[in-house]
Amino acid sequence: GIQVEQSPPDLILQEGANSTLRCNFSDSVNNLQWFHQNPWGQLINLFYIPSGTKQNGRLSATTVATERYSLLYISSSQTTDSGVYFCAVEPISGGYNKLIFGAGTRLAVHP
Amino acid sequence: ETGVTQTPRHLVMGMTNKKSLKCEQHLGHNAMYWYKQSAKKPLELMFVYNFKEQTENNSVPSRFSPECPNSSHLFLHLHTLQPEDSALYLCASRRTSGGYEQYFGPGTRLTVT
(Lines give C-alpha, C1' and ligand atoms only; values in the text may rest on other atoms or scores of the structure.)
Protein backbone atom coordinates (compact mmCIF):
# COMPACT_ATOMS: atom_id res chain seq x y z
CA GLY A 1 0.00 0.00 0.00
CA ILE A 2 0.89 3.66 -0.15
CA GLN A 3 3.51 4.99 2.26
CA VAL A 4 3.15 8.43 3.83
CA GLU A 5 6.22 9.88 5.51
CA GLN A 6 6.28 13.11 7.47
CA SER A 7 9.31 15.07 8.58
CA PRO A 8 10.57 16.15 10.97
CA PRO A 9 8.93 13.91 13.59
CA ASP A 10 9.45 16.55 16.28
CA LEU A 11 9.97 20.30 16.10
CA ILE A 12 10.56 22.90 18.80
CA LEU A 13 10.21 26.58 17.97
CA GLN A 14 10.39 29.91 19.72
CA GLU A 15 7.29 32.03 19.31
CA GLY A 16 7.58 34.10 16.15
CA ALA A 17 9.71 31.61 14.22
CA ASN A 18 8.79 30.14 10.84
CA SER A 19 8.80 26.45 9.95
CA THR A 20 8.21 24.00 7.10
CA LEU A 21 6.71 20.55 7.54
CA ARG A 22 7.06 17.97 4.78
CA CYS A 23 4.91 15.06 3.63
CA ASN A 24 6.18 12.54 1.08
CA PHE A 25 3.93 9.88 -0.41
CA SER A 26 4.84 6.87 -2.48
CA ASP A 27 2.01 6.75 -5.04
CA SER A 28 -0.44 8.96 -6.91
CA VAL A 29 -3.27 10.44 -4.87
CA ASN A 30 -6.79 11.82 -5.38
CA ASN A 31 -6.87 13.77 -2.19
CA LEU A 32 -4.41 15.22 0.31
CA GLN A 33 -5.35 16.92 3.55
CA TRP A 34 -3.41 18.56 6.37
CA PHE A 35 -4.80 18.38 9.89
CA HIS A 36 -3.81 19.88 13.23
CA GLN A 37 -4.57 17.75 16.29
CA ASN A 38 -4.98 19.89 19.38
CA PRO A 39 -4.08 18.74 22.91
CA TRP A 40 -7.66 17.49 23.45
CA GLY A 41 -7.44 15.17 20.46
CA GLN A 42 -9.63 17.09 18.01
CA LEU A 43 -8.43 16.92 14.41
CA ILE A 44 -8.87 20.30 12.79
CA ASN A 45 -8.92 20.62 9.01
CA LEU A 46 -6.19 22.93 7.76
CA PHE A 47 -6.06 22.35 4.02
CA TYR A 48 -7.60 20.17 1.35
CA ILE A 49 -4.83 20.37 -1.26
CA PRO A 50 -4.37 17.55 -3.80
CA SER A 51 -2.30 19.96 -5.89
CA GLY A 52 -1.24 23.60 -6.03
CA THR A 53 -0.83 26.20 -3.31
CA LYS A 54 -3.27 27.58 -0.74
CA GLN A 55 -2.96 30.11 2.04
CA ASN A 56 -4.99 30.65 5.19
CA GLY A 57 -3.67 33.39 7.44
CA ARG A 58 -0.25 32.43 8.78
CA LEU A 59 -0.48 28.98 7.25
CA SER A 60 0.08 27.97 3.68
CA ALA A 61 0.49 24.66 1.88
CA THR A 62 1.88 23.48 -1.43
CA THR A 63 1.43 20.08 -3.03
CA VAL A 64 3.52 18.99 -6.01
CA ALA A 65 1.56 15.91 -7.05
CA THR A 66 3.92 14.91 -9.85
CA GLU A 67 6.81 14.74 -7.36
CA ARG A 68 4.67 13.23 -4.59
CA TYR A 69 5.20 15.66 -1.79
CA SER A 70 3.42 18.39 0.10
CA LEU A 71 4.72 21.17 2.34
CA LEU A 72 3.00 23.01 5.17
CA TYR A 73 4.42 26.42 6.07
CA ILE A 74 3.79 28.03 9.43
CA SER A 75 4.87 31.64 9.74
CA SER A 76 5.19 33.75 12.90
CA SER A 77 4.38 30.73 15.06
CA GLN A 78 2.30 31.11 18.20
CA THR A 79 1.97 28.89 21.26
CA THR A 80 -1.51 27.92 20.07
CA ASP A 81 0.11 26.29 17.02
CA SER A 82 1.47 23.55 19.30
CA GLY A 83 0.16 20.05 18.70
CA VAL A 84 0.53 17.35 16.08
CA TYR A 85 0.28 18.02 12.36
CA PHE A 86 -0.88 15.16 10.17
CA CYS A 87 -0.77 14.71 6.44
CA ALA A 88 -3.30 12.26 5.00
CA VAL A 89 -3.74 11.02 1.44
CA GLU A 90 -6.34 9.12 -0.56
CA PRO A 91 -4.51 6.82 -2.98
CA ILE A 92 -5.80 6.58 -6.54
CA SER A 93 -5.32 2.81 -6.57
CA GLY A 94 -6.06 0.38 -3.76
CA GLY A 95 -7.41 2.97 -1.39
CA TYR A 96 -10.44 4.63 -2.87
CA ASN A 97 -12.59 6.53 -0.42
CA LYS A 98 -10.24 6.38 2.55
CA LEU A 99 -7.47 8.55 3.96
CA ILE A 100 -4.10 7.08 4.92
CA PHE A 101 -2.28 9.06 7.58
CA GLY A 102 1.36 9.79 8.14
CA ALA A 103 2.86 9.47 11.61
CA GLY A 104 2.66 13.22 12.18
CA THR A 105 4.98 16.06 13.18
CA ARG A 106 4.80 17.02 16.85
CA LEU A 107 5.27 20.80 17.18
CA ALA A 108 5.96 22.65 20.42
CA VAL A 109 6.04 26.45 20.31
CA HIS A 110 7.57 28.09 23.37
CA PRO A 111 6.95 31.70 24.45
CA GLU B 1 -17.36 22.42 15.70
CA THR B 2 -16.90 20.29 12.59
CA GLY B 3 -20.46 19.01 12.17
CA VAL B 4 -19.47 15.57 13.48
CA THR B 5 -20.38 14.78 17.09
CA GLN B 6 -19.33 11.86 19.24
CA THR B 7 -20.62 10.57 22.57
CA PRO B 8 -19.46 9.89 25.15
CA ARG B 9 -16.30 11.97 25.16
CA HIS B 10 -14.72 9.83 27.88
CA LEU B 11 -15.42 6.23 28.82
CA VAL B 12 -13.93 3.92 31.42
CA MET B 13 -15.01 0.31 31.21
CA GLY B 14 -14.05 -3.02 32.65
CA MET B 15 -13.01 -5.93 30.50
CA THR B 16 -16.36 -7.68 30.98
CA ASN B 17 -18.54 -4.65 30.21
CA LYS B 18 -20.51 -3.91 27.06
CA LYS B 19 -20.67 -0.31 25.88
CA SER B 20 -21.34 1.61 22.67
CA LEU B 21 -19.79 4.68 21.09
CA LYS B 22 -22.02 6.93 19.01
CA CYS B 23 -21.18 9.21 16.11
CA GLU B 24 -23.53 11.56 14.27
CA GLN B 25 -22.80 13.80 11.32
CA HIS B 26 -24.87 16.80 10.27
CA LEU B 27 -23.10 17.45 6.97
CA GLY B 28 -25.12 15.38 4.53
CA HIS B 29 -22.17 13.06 3.93
CA ASN B 30 -22.60 9.49 2.72
CA ALA B 31 -19.41 7.85 4.05
CA MET B 32 -18.46 7.36 7.68
CA TYR B 33 -15.33 6.01 9.32
CA TRP B 34 -13.96 4.72 12.62
CA TYR B 35 -10.30 5.33 13.44
CA LYS B 36 -8.26 4.25 16.44
CA GLN B 37 -5.39 6.34 17.80
CA SER B 38 -3.21 4.71 20.41
CA ALA B 39 -0.54 6.59 22.30
CA LYS B 40 2.51 7.33 20.15
CA LYS B 41 1.00 5.61 17.09
CA PRO B 42 -0.46 6.87 13.81
CA LEU B 43 -4.18 6.86 13.21
CA GLU B 44 -5.40 3.40 12.23
CA LEU B 45 -8.45 3.07 10.00
CA MET B 46 -10.83 0.46 11.47
CA PHE B 47 -14.04 0.50 9.44
CA VAL B 48 -15.49 2.29 6.42
CA TYR B 49 -19.19 2.64 5.63
CA ASN B 50 -20.49 4.00 2.35
CA PHE B 51 -24.27 4.57 2.03
CA LYS B 52 -24.76 2.41 5.16
CA GLU B 53 -22.84 -0.52 3.68
CA GLN B 54 -19.57 -1.63 5.22
CA THR B 55 -16.89 -1.42 2.57
CA GLU B 56 -13.81 -1.97 4.69
CA ASN B 57 -12.83 -3.84 7.84
CA ASN B 58 -9.11 -3.59 8.52
CA SER B 59 -8.75 -6.90 10.35
CA VAL B 60 -10.37 -5.49 13.45
CA PRO B 61 -11.01 -8.00 16.28
CA SER B 62 -14.61 -9.12 16.64
CA ARG B 63 -14.87 -7.54 20.09
CA PHE B 64 -15.41 -4.31 18.09
CA SER B 65 -18.73 -4.40 16.25
CA PRO B 66 -19.76 -1.46 14.07
CA GLU B 67 -23.30 -0.53 13.12
CA CYS B 68 -24.47 2.06 10.59
CA PRO B 69 -28.29 2.33 10.60
CA ASN B 70 -28.30 5.30 8.20
CA SER B 71 -25.86 7.68 6.55
CA SER B 72 -25.92 10.08 9.50
CA HIS B 73 -25.27 7.71 12.38
CA LEU B 74 -22.47 5.30 13.20
CA PHE B 75 -22.00 3.17 16.29
CA LEU B 76 -19.14 1.11 17.65
CA HIS B 77 -20.28 -1.62 20.02
CA LEU B 78 -17.63 -2.79 22.45
CA HIS B 79 -17.53 -6.02 24.45
CA THR B 80 -14.90 -7.97 26.38
CA LEU B 81 -12.19 -5.44 25.54
CA GLN B 82 -8.56 -5.71 26.57
CA PRO B 83 -6.44 -3.04 28.28
CA GLU B 84 -4.50 -2.57 25.02
CA ASP B 85 -7.74 -1.37 23.43
CA SER B 86 -7.47 1.81 25.48
CA ALA B 87 -7.15 4.60 22.92
CA LEU B 88 -8.79 7.61 21.35
CA TYR B 89 -11.54 6.51 18.96
CA LEU B 90 -12.29 8.99 16.22
CA CYS B 91 -15.24 9.11 13.88
CA ALA B 92 -15.10 10.88 10.52
CA SER B 93 -17.34 11.53 7.55
CA ARG B 94 -17.14 12.81 3.99
CA ARG B 95 -18.88 12.86 0.64
CA THR B 96 -17.46 10.28 -1.71
CA SER B 97 -17.00 10.09 -5.47
CA GLY B 98 -13.42 11.20 -4.85
CA GLY B 99 -12.00 14.58 -4.08
CA TYR B 100 -13.92 15.64 -1.00
CA GLU B 101 -12.74 16.82 2.38
CA GLN B 102 -13.02 14.51 5.38
CA TYR B 103 -14.14 15.86 8.77
CA PHE B 104 -13.53 14.37 12.20
CA GLY B 105 -15.49 14.31 15.42
CA PRO B 106 -13.85 15.20 18.76
CA GLY B 107 -13.22 11.57 19.68
CA THR B 108 -14.01 9.27 22.58
CA ARG B 109 -11.14 8.61 24.96
CA LEU B 110 -11.57 5.01 26.09
CA THR B 111 -9.85 3.43 29.07
CA VAL B 112 -10.22 -0.30 29.65
CA THR B 113 -9.44 -1.40 33.21
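Chain A is the first sequence line, chain B the second, and so forth, proteins listed ahead of strands; every chain is numbered from 1. What you see is a predicted model; the values in this text were computed from it and never measured.
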Fill in: From A:Gln33 atom CD to B:Tyr100 atom OH, the distance as rounded to the nearest 0.5 Å
13.5 Å
Worksheet entry | Straight-line distance of A:Tyr48 OH to B:Arg94 CZ, nearest 0.5 Å | 7.5 Å
Practice prompt. Answer with yes or no whether the hydrophobic clustering places A:Val109 together with A:Leu59; edges join I, L, V, M, F, W, Y residues whose side-chain heavy atoms lie under 4.5 Å apart.
Written response: yes
Practice prompt. Consider only side-chain heavy atoms of I, L, V, M, F, W and Y, link residues closer than 4.5 Å, and tell whether A:Val84 and B:Phe104 are in one cluster.
Written response: yes
Practice prompt. Assess the side chains of A:Glu90 and B:Gln102: does a donor N or O sit below 3.5 Å from an acceptor N or O?
Written response: no
Fill in: A:Leu32-A:Leu71 co-clustered via ILVMFWY side chain contacts under 4.5 Å
no
Item to complete: Evaluate the criterion side-chain contact (heavy atoms from CB on, under 4.5 Å) for residue pair B:Leu88 and A:Gln37; output intermediate values, then yes/no.
Response: CA-CA 12 Å; B:Leu88 180 67; A:Gln37 187 169 39; 3.8 Å; yes
Worksheet item: Nearest 0.5 Å, what's the CG-CG distance between B:Leu43 and A:Leu99?
Response: 10.0 Å
Practice prompt. Determine the minimum heavy-atom distance between B:Pro42 and A:Gly102, stating which atoms define it.
Written response: CB-O, 4.1 Å
Discussion item. In this structure, would B:Tyr33 and B:Phe64 fall into the same cluster of hydrophobic residues linked by side-chain contacts under 4.5 Å?
Written reply: no
Discussion item. Surrounding CZ of A:Arg106 (heavy atoms of other residues, nucleotides or ligands, distance under 6.0 Å), is the total greater than 12?
Written reply: no
Discussion item. Does any backbone or side-chain atom of B:Tyr35 lie under 4.5 Å from a heavy atom of chain A? Answer side chain, backbone, both or neither.
Written reply: side chain
Worksheet item: Mind checking whether B:Gln37 and A:Leu43 have side chains closer than 4.5 Å, heavy atoms only?
Response: no
Practice prompt. Establish whether A:Phe86 and B:Leu45 are linked, either directly or via other cluster members, by ILVMFWY side-chain heavy-atom contacts under 4.5 Å.
Written response: yes
Worksheet item: Between atom CG of B:Leu90 and atom CD of A:Gln42, what is the distance when rounded to the nearest 0.5 Å?
Response: 8.0 Å
